[in-house]
Amino acid sequence: MKKGANVNRSTSHAFTRAQQHAAREAAFWRTLFPAIPMPENESGYLHHGRFWDGDLEDEQVGWLAARFATIDMLDIYDAPITRASIQHLTSVKQLKELRLKDCTALQDDCVADLARIKGLELLHLGGTGVTLDGLLELRGDCLQTVFISSDLSTPLIQDRLRLLALSLPGCEVVVNHHPPHVFLGDVV
C-alpha cells in the first residue's frame, strides 16, 4: 500500500508541476503580449519581438520558439539568457534578424547553435561574451551582417576580419560599431 501511495503522490506532484509550467507560460503571454492570444501551436508568426532589461529567460525563449514558426525580428537586450535559448531558437523555421545585445551569459559555446538558426540574415552580438575567435565557427548561407564587440588590438581584429571574410563570404562583420573597412581599408 505504501508504494501505491508514493506513486500517487509523485503522479500528483508531476501533474502539479505541469500545471505550474502551464500557468507560468499563460502569465508570460498575458504580460508580454496582452493584445494577442497565446498561439495554439508552432504555426504562429511574430513580426518583431522586443525584450529589454531581463524580461526574458531561457524557458520563455523556449515558449516563443515553440509557438512561432516564423520570426522576422527578435531583440533581446540585457537578459540572462544562455546557450539554451539559442538551442530553442534553432527550432524556429525562419528567424531573419536576431539582436542579443548585452546578453553577457552568451559565450563562444553558443556559436555552433547560432549557425543552425534558419534564415538568419542579421546577428547582433554586441556586449555578449562571444568573441571574434568564437565567431570564426559561425556559418550561414543567408547571413549578411554581424555586429560584435571586441577588446582585441587593431592588428588582431584585422587578422580575424580577414579570416571571417573567408568563412562568411558576403557577410559584413561590424566590430565595435565600425565596419570592416575602418580596420582593413578597402582590401579584405
Side-chain angles (χ1 to χ4, degrees), residues 32 46-62 64-65 68 70-188:
L32 296 177
L46 178 62
H47 173 64
H48 194 175
R50 292 178 221 152
F51 303 92
W52 286 279
D53 299 326
D55 280 348
L56 210 58
E57 296 177 358
D58 292 331
E59 179 180 47
Q60 296 160 331
V61 172
L64 287 171
F68 293 115
T70 301
I71 302 173
D72 286 340
M73 295 176 279
L74 184 58
D75 301 341
I76 304 172
Y77 300 158
D78 194 26
I81 63 168
T82 67
R83 180 181 181 187
S85 285
I86 307 307
Q87 290 169 333
H88 290 309
L89 292 174
T90 64
S91 68
V92 174
K93 291 180 181 159
Q94 182 172 348
L95 173 55
K96 291 183 182 178
E97 297 183 12
L98 180 60
R99 292 171 186 85
L100 302 168
K101 293 173 20 178
D102 298 319
C103 295
T104 57
L106 293 175
Q107 302 295 318
D108 287 343
D109 66 347
C110 77
V111 173
D113 297 309
L114 287 166
R116 294 178 34 225
I117 295 175
K118 298 165 222 55
L120 194 59
E121 297 174 3
L122 182 140
L123 177 61
H124 198 309
L125 297 168
T128 68
V130 177
T131 66
L132 283 167
D133 287 326
L135 207 56
L136 290 170
E137 300 301 316
L138 187 62
R139 302 290 179 267
D141 297 336
C142 301
L143 206 52
Q144 297 170 10
T145 309
V146 175
F147 294 89
I148 191 165
S149 303
S150 178
D151 59 1
L152 293 177
S153 66
T154 297
L156 290 174
I157 290 173
Q158 291 170 331
D159 178 55
R160 298 323 185 273
L161 286 174
R162 286 186 186 95
L163 293 171
L164 284 165
L166 297 172
S167 65
L168 292 170
C171 180
E172 179 180 45
V173 179
V174 178
V175 181
N176 300 333
H177 305 287
H178 299 295
H181 69 80
V182 170
F183 297 102
L184 300 173
D186 292 330
V187 180
V188 177

Any donor-acceptor pair under 3.5 Å from Asp108 side chain to Thr131 backbone = yes
key: Verdict with supporting geometry, Val174 and Phe147, side-chain contact (heavy atoms from CB on, under 4.5 Å)   = CA-CA 5 Å; Val174 178; Phe147 294 89; 3.6 Å; yes
query = At their closest point, which heavy atom of Gly127 faces which heavy atom of Ser149, and how far apart are they?
reply = N-OG, 3.0 Å
message = Please check this pair: side chain of Glu137 against backbone of Gly134, looking for a donor-acceptor N/O pair closer than 3.5 Å.
response = no
Closest non-hydrogen atom pair, Pro80 against Glu57 = CG-CG, 3.9 Å
Leu136 versus Ser167, closest heavy-atom pair with distance = O-OG, 4.1 Å
key: Glu59 (side chain) donor-acceptor with Leu56 (main chain) under 3.5 angstrom   = no
remark   = Heavy atoms of Ser91 and Ala65 approach each other most closely as OG-CB, 3.7 Å
note = Interatomic distance, CG@Asp133 vs OG@Ser150, rounded to 0.5 Å, equals 8.5 Å
note = When rounded to the nearest 0.5 Å, the distance separating CG of Leu95 from CG of Leu64 is 10.5 Å
message = Taking side chain to side chain contact (heavy atoms under 4.5 Å, CB included) as the criterion, tell me which of Asp72, Leu74, Leu122, Leu120 meets it with Glu97.
response = Leu122
key: Atom pair CD (Gln94) and OG1 (Thr70), whose distance is rounded to the nearest 0.5 Å   = 5.5 Å
ask   = Is a side-chain donor or acceptor of Thr82 paired with a backbone partner of Ala105 at a separation under 3.5 angstrom?
value = no
ask   = CG of Leu125 to CZ of Arg99: how many Å apart, nearest 0.5 Å?
value = 12.0 Å
ask   = Below 4.5 Å, heavy atoms only, C-beta onward: do Leu138 and Val130 meet side chain to side chain?
value = no
message = Lys96 vs Met73, test: side-chain contact (heavy atoms from CB on, under 4.5 Å). Steps then yes/no.
response = CA-CA 6 Å; Lys96 291 183 182 178; Met73 295 176 279; over 6 Å; no
message = Taking Asp159 first and then Arg162, would you say they form a salt bridge - that is, a charged N and a carboxylate O separated by under 4.0 Å?
response = no
ask   = Does a donor on one side chain and an acceptor on the other come within less than 3.5 Å for Asp113 and Thr90?
value = no
inquiry  = Distance check, rounded to the nearest 0.5 Å: Glu121 atom CD versus Cys171 atom SG?
reply    = 11.0 Å
request  = Decide side-chain contact (heavy atoms from CB on, under 4.5 Å) for Leu164 and Val146; before the verdict, give the C-alpha distance in whole Å, the side-chain angles of both, and the deciding distance to 0.1 Å.
outcome  = CA-CA 11 Å; Leu164 284 165; Val146 175; over 6 Å; no
task = Count the heavy atoms belonging to other residues, nucleotides or ligands that lie under 6.0 Å from NE2 of His177, then report whether that count exceeds 12.
result = no
request  = Measure up the His178 and Phe183 rings against each other and bin them: parallel (under 30°), tilted (30 to 60°), perpendicular (over 60°).
outcome  = perpendicular
inquiry  = Between Ile76 and Val61, does the side-chain contact (heavy atoms from CB on, under 4.5 Å) criterion hold? Intermediate values first, please.
reply    = CA-CA 10 Å; Ile76 304 172; Val61 172; 4.3 Å; yes
task = Enter the distance from Thr128:OG1 to Ile81:CD1 here, rounded to the nearest 0.5 Å.
result = 9.5 Å
